[in-house]
Asks: 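Sharing a structure here in structure tokens format.
Atoms considered below: every heavy atom in the structure, side chains included; atoms not considered: hydrogens, waters and symmetry mates.
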Amino acid sequence: MEEGNIVLIAATVENPFFYVNSALLSRSQVFELKHLTIEDIMKIMENALSDPERGLGKMNILTDEDALVHMARMSDGDGRKALSALEIAALTTQPDADGAIR
């Protein structure tokens, strides 16, 4: 590790300062990733719904605010879970007579 020959990428739910060897830890960078807030996840989903290039913006999706809040809460602070739920909902819901996905 000191010479840069080894790159270690790891994730843990435990505190690495207690469970990783101190010699290894002193030569490492530790990043703590925190849960996103419901507001953050709502922004992510709203961006996905409006972005025609990288999101669902090309689809005619009409959302209910309560449904988005529910998805944000159920995602447990993980934006990927919320986006996956949103995508699954959009792709598996049949459009109504007006062509809108609700």
Asks: Let me have the donor-acceptor pairs involving side chains of residues 86-97, under 3.5 Å, with sequence neighbours excluded, atom names and distances please.
Replies:
from  : atom 1 : to     : atom 2 : distance (Å)
Thr92 : OG1    : Ile88  : O      : 2.6
Thr93 : OG1    : Ala89  : O      : 2.5
Asp96 : OD1    : Asp98  : N      : 3.0
Asp96 : OD1    : Gly99  : N      : 3.1
Asp96 : OD1    : Ala100 : N      : 2.9
Asp96 : OD2    : Arg102 : NE     : 2.7
Asp96 : OD2    : Arg102 : NH2    : 3.2

Asks: Supply the members, apart from Phe18, of the Ile/Leu/Val/Met/Phe/Trp/Tyr cluster built from side-chain contacts under 4.5 Å; use none for a lone residue.
Replies: Tyr19

Asks: Between the main-chain N or O of Glu14 and the side-chain N or O of Thr12, is there a donor-acceptor pair closer than 3.5 Å?
Replies: yes

Asks: Under 3.5 Å, is there a donor-acceptor pair linking the side chains of Ser75 and Asp78?
Replies: no

Asks: Restricting to non-hydrogen atoms, name the atom on Leu36 and the atom on Gly79 that form the minimum distance, rounded to 0.1 Å.
Replies: CD1-N, 3.8 Å

Asks: In Å, rounded to the nearest 0.5 Å, how long is the span from CG of Asp64 to NE2 of His70?
Replies: 11.5 Å

Asks: With a cut-off of 3.5 Å and sequence neighbours excluded, list every side-chain donor-acceptor pair involving residues 42-52.
Replies:
from  : atom 1 : to    : atom 2 : distance (Å)
Asn47 : ND2    : Lys43 : O      : 3.4
Ser50 : OG     : Glu46 : O      : 3.2
Ser50 : OG     : Asn47 : O      : 3.3
Asp51 : OD1    : Glu53 : N      : 2.8
Asp51 : OD1    : Arg54 : N      : 3.0

Asks: Group every Ile, Leu, Val, Met, Phe, Trp and Tyr by side-chain heavy-atom contacts under 4.5 Å, then state whether Met74 and Val69 land in the same group.
Replies: no

Asks: Can you name the nearest heavy-atom pair linking Ala23 to Asn21, along with the distance?
Replies: N-OD1, 2.8 Å

Asks: Below 4.5 Å, heavy atoms only, C-beta onward: do Ile38 and Ile41 meet side chain to side chain?
Replies: no

